[in-house]
2 protein chains.
Amino acid sequence: MKHIADSTVRRLSLYLRFLEEFERHGHATISSGELARSGGTTSAQVRKDLSFFGSFGKRGLGYGVSDLIASLRHILGLEARWPVVIVGAGKIGAALAQYRGFGTHGFDVVGVYDTDPARVGEALNGVPVRPDAQLEADIAALRPRIAVLCVPGEAAQPVLDRVVAAGIRAVLNFAPAALTAPEGVTVRTVNMATELEVLAFALTNAP
Amino acid sequence: MKHIADSTVRRLSLYLRFLEEFERHGHATISSGELARSGGTTSAQVRKDLSFFGSFGKRGLGYGVSDLIASLRHILGLEARWPVVIVGAGKIGAALAQYRGFGTHGFDVVGVYDTDPARVGEALNGVPVRPDAQLEADIAALRPRIAVLCVPGEAAQPVLDRVVAAGIRAVLNFAPAALTAPEGVTVRTVNMATELEVLAFALTNAP
DNA sequence: CATAGCTTGTGAAGAATTTCACAAGCCTCC
DNA sequence: GGAGGCTTGTGAAATTCTTCACAAGCTATG
């Protein structure tokens with residue numbers, strides 16, 4: 001299949017958010033223009049994004065909301081649930097472990113890990129915090145597909161190397177560090193400092 | 001000034017992270033190639049990114065680490081400190097309020113707001129949680145430039161409208177909602193579901 | 001001072017992404 | 001059943017972003 005741009009995938013995810021909203025409001029169909037307005041893009045962009053994967057609408061009518069939701073969920077790979085491990089049960093890790101959004105979006109937290117014995121044993125949203133040393137064995141046993149890193153910056157690369165060695169191929173990194181991973185491993189980093197600095201730049205260079 | 005791409009600004013921020021690392025390790029100069037390797041890009045990209053803002057290196061030598069740090073901090077607008085308010089003192093809001101990275105990167109949390117009377121009064125990292133109703137008055141008095149939204153999805157747009165009306169021009173949104181803001185207001189949304197879905201897509205369409 | 005060895009800064013080329021614009025198709029209403 | 005009014009899907013054009021490639025310039029060395 002042709003390569004799909006990262007920006008396209010993010011927009012598809014965003015469309016899915018809005019479609020779910022539309023469905024809750026009882027709308028049966030939606031046009032590319034309406035979807036575009038919600039997502040801050042253009043109708044041509046919406047149609048082009050979808051066209052990479054097929055043809056989902058009806059000319060003159062628009063898209064069936066629930067059909068398009070199903071199609072997007074299929075495209076994004078959300079038909080099965082994805083098991084996830086969270087490494088690091090500090091402030092951010094604990095907050096994420098208790099975040100309900102994981103479950104409602106098809107992701108199951110199957111393990112939370114920490115090196116601090118004081119935190120081990122604690123249960124976060126029903127999932128007990130387990131010792132960091134258990135990480136490899138648990139990945140082998142529970143086969144999570146995604147690891148979420150919430151460890152201090154300097155620990156992030158070593159932990160990444162460990163989870164990759166244990167078979168993980170997708171990582172969401174909240175540690176303030178830029179990571180390098182082998183070919184075939186997808187890493188997304190969410191860096192608070194960078195987000196704030198982009199805002200500072202925007203404010204500094206305001207019109 | 002010519003328009004600077006978002007991706008360029010994010011890379012500048014990333015370069016700054018690495019330069020700080022290099023400086024801690026005692027390196028005095030760095031070449032575009034070394035900086036590129038750390039940041040997962042190319043030397044040409046590094047030089048092009050910097051060239052939008054001027055000429056910072058010495059041919060044959062590279063860049064002076066501390067000079068380039070100073071230049072980047074100037075470019076990104078990090079020479080002064082930026083006051084920030086956090087709206088929502090739930091799990092994520094509280095975790096952020098206690099995150100040390102704000103302070104070390106030049107951002108000061110001057111207020112945390114919540115509607116829940118049980119949380120009001122609590123002090124997070126020295127900053128007391130104040131009643132949500134106080135938000136507008138405090139923005140007028142303390143003049144924060146950035147608002148971080150950690151409220152439930154359905155509350156995000158109303159809160160955004162309020163902080164914009166009160167004079168805020170830059171918003172970092174952690175609520176699971178896509179927001180619309182008037183011209184001149186920069187909004188960055190960090191959406192857990194989208195990040196995870198991009199990973200699910202990558203895993204589903206793995207080679 | 002001339003040469004060798006690096007590395008920057010930058011036009012130009014190339015690639016990727018977004019926007020345009022329009023034929024094709026569906027529905028409704030007369 | 002034909003006309004009118006919408007909306008999709010998609011090549012082509014336009015724009016934006018990245019990579020290439022090389023002249024220019026700095027340092028060190030003999």
Side-chain angles (χ1 to χ4, degrees), chain A residues 1-15 18-19 22 27-72 75 194 198 201-202 205, chain B residues 1-15 18-19 22 27-72 75 194 198 201-202 205:
Chain A
M1 189 220 274
K2 179 135 129 273
H3 177 255
I4 302 297
D6 198 74
S7 51
T8 299
V9 180
R10 303 183 123 249
R11 281 192 301 267
L12 292 178
S13 168
L14 194 57
Y15 302 156
F18 283 114
L19 287 164
F22 262 71
H27 295 71
T29 64
I30 187 173
S31 70
S32 58
E34 291 170 283
L35 205 40
R37 219 162 312 122
S38 315
T41 178
T42 66
S43 63
Q45 181 80 79
V46 171
R47 296 197 301 275
K48 183 66 92 178
D49 286 340
L50 294 173
S51 77
F52 290 129
F53 301 95
S55 169
F56 305 102
K58 280 212 182 65
R59 295 175 188 221
L61 253 199
Y63 301 88
V65 172
S66 57
D67 290 355
L68 191 50
I69 287 176
S71 300
L72 284 177
I75 291 166
T194 293
V198 171
F201 178 82
N205 301 36
Chain B
M1 190 218 274
K2 181 138 126 271
H3 176 255
I4 301 298
D6 197 73
S7 51
T8 298
V9 180
R10 303 183 123 248
R11 281 193 300 268
L12 292 178
S13 168
L14 194 57
Y15 302 156
F18 284 114
L19 287 164
F22 262 72
H27 295 70
T29 64
I30 187 173
S31 70
S32 58
E34 292 171 281
L35 204 41
R37 219 163 311 121
S38 315
T41 179
T42 66
S43 63
Q45 181 79 79
V46 171
R47 296 198 300 275
K48 183 65 89 178
D49 285 341
L50 294 173
S51 77
F52 291 129
F53 302 95
S55 170
F56 305 102
K58 279 212 181 66
R59 296 175 186 221
L61 255 198
Y63 301 87
V65 171
S66 56
D67 290 355
L68 191 50
I69 287 176
S71 300
L72 284 177
I75 291 166
T194 292
V198 171
F201 178 81
N205 301 36

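We name chains A, B, ... by the order of the sequence lines, and we start the count at 1 in each one. Just so it is clear, the values below take in all heavy atoms, side chains as well, and ignore hydrogens, waters and symmetry mates.
A:Q45 has a side-chain polar atom (N or O) that falls below the 4.0 Å cut-off from OP1 or OP2 of C:dT19. Within the 4.0 Å cut-off from OP1 or OP2 of D:dG9, not a single side-chain nitrogen or oxygen of A:S51 is found. At least one side-chain nitrogen or oxygen of A:S32 sits closer than 4.0 Å to the OP1 or OP2 atom of D:dT8. For the pair A:Y63 and C:dC26, the criterion of a side-chain N or O lying under 4.0 Å from OP1 or OP2 is not met.
Positionally, the nearest nucleotide of DNA chain D for A:G62 lies more toward the 5' end than for the other of A:G62 and A:G54.
Counting to the nearest Å, the P atom of D:dT8 and the CZ atom of A:F56 are 14 Å from each other. As a whole-Å value, the separation of B:F53 CZ from C:dG9 C1' is 15 Å. Whole-Å rounding puts the A:E34 CD to D:dC6 P distance at 13 Å. To the nearest angstrom, C1' of D:dT10 lies 14 Å from CG of A:D49. One can place CG of A:L50 at 7 Å from P of D:dG9, the figure rounded to the nearest angstrom. Here D:dT16 presents its P atom at 12 Å from CZ of B:F52, a figure rounded to the nearest Å.
Contact annotation for A:T41: no contact, since no heavy-atom pair falls under 4.0 Å across all strands. Residue B:S43 is out of contact with every strand shown, counting any heavy-atom pair closer than 4.0 Å.
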Can you give me every donor-acceptor pair (side chain of residues 47-57 of chain B, partner residue at least two apart or in another chain, under 3.5 Å) with its distance?
residue : atom : partner : partner atom : Å
B:R47   : NH1  : B:S32   : OG           : 3.1
B:R47   : NH1  : B:S43   : OG           : 3.4
B:D49   : OD1  : B:R11   : NH2          : 3.0
B:D49   : OD1  : B:Q45   : NE2          : 3.3
B:D49   : OD2  : B:R11   : NE           : 2.7
B:D49   : OD2  : B:Y15   : OH           : 2.7
B:S51   : OG   : B:K48   : O            : 2.8

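Contacts of A:S38 classified as side chain to side chain contact (heavy atoms under 4.5 Å, CB included), with partners at least two apart in sequence or in another chain: A:F18, A:F22. By the side chain to side chain donor-acceptor pair (under 3.5 Å) test, A:T8 pairs with no residue at all, sequence neighbours left out. Applying the side chain to side chain contact (heavy atoms under 4.5 Å, CB included) rule to B:D6 yields the partners A:V198, B:R10, B:R188; only residues at least two apart in sequence or on another chain are considered. For A:S71, the side chain to side chain donor-acceptor pair (under 3.5 Å) criterion is met by no residue, not counting sequence neighbours. For B:S13, the side chain to side chain donor-acceptor pair (under 3.5 Å) test picks out A:T194, A:E197, B:R17, with sequence neighbours left out.
Contact check of residues 6-14 of chain A against DNA chain C (heavy atom, cut-off under 4.0 Å) returns A:S7, A:R11.
Taking every heavy atom of both residues into account, B:G39 and B:L14 meet most closely at O-CD2, 3.8 Å.
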Contact state string [nucleotides 20-30 of chain D, B base, S sugar-phosphate only, - no protein heavy atom under 4.0 Å]: BB-BBBBS---

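In this structure the side chain of A:L68 reaches within 4.5 angstrom of the side chain of A:L35, judged on heavy atoms.
Sorted by first and then second residue, the salt bridge (Lys or Arg N to Asp or Glu O under 4.0 Å) pairs involving residues 50-71 of chain B (not counting sequence neighbours) form an empty list.
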